[in-house]
Amino acid sequence: MEQNVFDMFKSRGLVAQATDEDAIRDLLSKEKVTFYTGFDPTADSLHVGHFMQLIIMRHMQKAGHRPIILLGGGTTMVGDPTGKTDMRKMLTQEEIQHNADEFKRQMSKFIDFSDGKALMVNNADWLLKLNYLDFLREIGVHFSVNKMLAAECFKSRLEKGLSFIEFNYMLMQSYDFLRLRREYNCKMEFGGNDQWSNIIGGVELNRRCDSADVYGLTFTLLTTKEGKKMGKTEKGAVWLDPEKTSPYEFFQYWRNIDDAEVQNCLKLLTDIPLEEIENIDMTSGASINAAKERLAFELTSLVHSTEDAEKALSTAKNLFSGDMDAEHMPSTVLNADIVADGKAAILDVLVGAGLAASKGEARRLVVQGGISVDGDKIDDAAATIALDKLKNGAIIKKGKKIYHKVSIL
RNA sequence: GGGAGAGUUCCCGAGUGGCCAAAGGGGACAGACUGUAAAUCUGCUGCUUUAUAGCUUCGAUGGUCCGAAUCCAUCCUCUCCCA
């Protein structure tokens, strides 16, 4: 008999909190369970933060259970205050719909929606129609303000100020669970560990309204060792959409991960057997690097494709071993008007390629020795690149790891 | 509704009329060292072809003044106390 999915989650360190471990293990081994995870469509692409939830749903589906993706078309209009220090920007209904559509497209890569094997529902379907008084009388009675205020997730907001609209988020999420159980016999809610309060709210609501036993399970959050959420870079989130974060950049994000995170990420995000992960020699740089490469490769193939992962890997190998491989690196085609007298100023090229935000920044980069063109270091801010070089495509290296091909029309 | 206070550059935070493009810290970026890691050290951090120069910036708008982040008026947002 195969290992119970729940035990598999546990052994890989995925589980953070569970409402009733034994009951959950039991339920998952006895029947095909319908469970749900909510996603708030606040941006037009999924990012690494959602990734782990998708992996989990995929595992569940493989084990024969039925996932419901709950799009928070309604809740997004309110904004989850959990862990946020500021109020969220309000989105219009059109924006939310657009984002939800994009989510669906990206998710079908991980989850099989055919033949009702997985469902996607939108809580806007019921939340938008709610009548305020009915809602208060049916749902509101079951929530204790005292209890909510004591919850950890509101603490930080109580210092900064919390508006009433956000305070209601928890009720709405709890109500979602009630609706999903009533309509789809959904018995479990999954989420990141930051969702714990919201999830137990829903579990309790089901019990109070219908005396129904349902369960909640939260998963470890992917965080860096400073406790920040993973998947954020200076430029923003690492997206799953190749248009927003190219497979190469995606690959490099994982390739450059902190030593201390490698094993954890392998456990949480890949299917590589546990023993193998635990046997990685963490004392040698070479073996750690090999593990990072493996991680990056596995994840890139999952999110994009094996082909993309291979391309990213070979591009990276070539670049870092000194060979110029211009094929898969980010590139920019510049307008001919930056060329004067058969050459273009290096500063203009840097700004044009988006490698520097302003000429001042570009100058700094050059002066500090951070720029090479076709392997030759440039240290003079007045330097130029000859037109024929640009025509063939010049490879600019910024810092240690950023390569960019620049050519001209 | 009454009273008190706050809004400064990516973030925190100093600055109460010229010496302010604005201290300090964090972050980011670049360099050295490394393993495409971390830690450490150094540089750097509004824009403008170099600048002892010019321009834009200190919640918003208008005003006082030779000169405003700093003073005045109105407005907006937030926090705290009382109701």
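Lettering follows sequence order; numbering is per chain, from 1. Nothing here was measured: the structure is a model prediction, and the numbers come from that model.
Across all strands shown, B:rG5 is found opposite B:rC78 as a Watson-Crick or G-U wobble partner, with both distances under 3.5 Å. Under the Watson-Crick or G-U wobble criterion, with both distances below 3.5 Å, B:rC29 is paired with B:rG43. Checking B:rU16 for Watson-Crick or G-U wobble geometry (two distances, each under 3.5 Å) identifies no partner in any strand. Under the Watson-Crick or G-U wobble criterion, with both distances below 3.5 Å, B:rA21 is left unpaired in every strand shown. Pairing partner, B:rU57: none, since no Watson-Crick or wobble contact has both distances short of 3.5 Å. Remark: B:rA69 base-pairs with no nucleotide; criterion is Watson-Crick or G-U wobble with both hydrogen-bond distances under 3.5 Å.
On the C1' atoms, B:rA14 is 23 Å away from B:rG67, given to the nearest whole Å. On the C1' atoms, B:rU52 is 45 Å away from B:rU79, given to the nearest whole Å. Comparing B:rC10 with B:rA23, their P atoms sit 13 Å apart, to the nearest whole Å. Look at the P atom in both B:rC81 and B:rC11: the space between them is 27 Å, to the nearest Å. Between B:rA6 and B:rA30, the distance separating the two P atoms is 40 Å to the nearest Å. Taking atom C1' in both B:rG15 and B:rC20, the straight-line distance is 9 Å, to the nearest Å. Nucleotides B:rG25 and B:rU45 are separated by 14 Å at their C1' atoms, to the nearest Å. Comparing B:rG59 with B:rA32, their C1' atoms are spaced 43 Å from each other, to the whole Å.
Atom-to-atom, NZ of A:Lys359 to P of B:rG46 comes out at 18 Å; the value is rounded to the nearest Å. The interatomic distance linking A:Asn289 (CG) with B:rU34 (C1') rounds to 11 Å, in whole Å. Note: CD1 (A:Ile288) to P (B:rG35) measures 12 Å, nearest angstrom. We find that CG of A:Leu319 is positioned 19 Å from P of B:rG35, with the value rounded to whole Å. In this structure, CG of A:Asp348 is placed 13 Å from C1' of B:rU48, rounded to the nearest angstrom. Counting to the nearest Å, the P atom of B:rA28 and the CG atom of A:Leu355 are 19 Å from each other. If you take NZ of A:Lys400 and C1' of B:rA30, they are 8 Å apart, rounded to a whole angstrom. Rounded to an integer number of Å, the gap from A:Asp258 CG to B:rA39 P is 7 Å.
Sequence neighbours left out, not one pair with a member in residues 378-395 of chain A passes side-chain hydrogen bond (donor to acceptor under 3.5 Å, both in side chains).
Phosphate contact (OP1/OP2 of B:rA37, side-chain N/O of A:Lys401, threshold under 4.0 Å): present. The side chain of A:Ser284 contributes no N or O atom lying less than 4.0 Å from OP1 or OP2 of B:rG35. When the side-chain nitrogen and oxygen atoms of A:Arg364 are compared with OP1 and OP2 of B:rA28, none of them lie within a distance under 4.0 Å.
A donor-acceptor pair shorter than 3.5 Å cannot be found between the side chains of A:Gln195 and A:Glu189. No hydrogens or angles considered: a donor-acceptor pair under 3.5 Å links the side chains of A:Asn289 and A:Arg255. Side-chain contact, A:Ser45 with A:Gln106: a donor N or O sits under 3.5 Å from an acceptor N or O.
RNA chain B is contacted by both A:Lys377 and A:Gln252; A:Lys377 maps to the nucleotide lying nearer its 5′ end (nearest heavy atom per residue). In terms of position on RNA chain B, the residue among A:Leu347 and A:Arg255 whose nearest nucleotide sits closer to the 5' end is A:Arg255.
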Report, one pair per line, the protein and nucleotides 41-43 of chain B atoms (nitrogen or oxygen only) whose separation is under 3.5 Å.
unit_1 : atom_1 : unit_2   : atom_2 : d
B:rG43 : O2'    : A:Gln368 : OE1    : 3.2
B:rG43 : N2     : A:Gln368 : OE1    : 3.4
B:rG43 : N2     : A:Gln368 : NE2    : 3.2
B:rG43 : N3     : A:Gln368 : OE1    : 3.0

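Listed candidates were B:rA37, B:rC47, B:rU36. Nearest to the side chain of A:Asp259 is B:rA37. Among the nucleotides B:rG35, B:rA32, B:rC29, the one closest to any side-chain atom of A:Lys292 is B:rG35.
More than 12 heavy atoms of other residues, nucleotides or ligands shown are found within 6.0 angstrom of CD on A:Glu278.
The ring of A:Tyr184 has its center no closer than 6.0 angstrom to the ring center of A:Tyr36. Between A:Phe35 and A:Tyr215, the ring center distance fails the sub-6.0 Å criterion.
Applying the 90° cutoff around 0 to the glycosidic angle, B:rA51 is assigned syn.
Ion pairing between A:Lys359 and A:Asp348 holds under the 4.0 Å rule for side-chain N and carboxylate O.
Every side-chain hydrogen bond (donor to acceptor under 3.5 Å, both in side chains) that A:Glu102 has, sequence neighbours left out, goes to A:Arg105.
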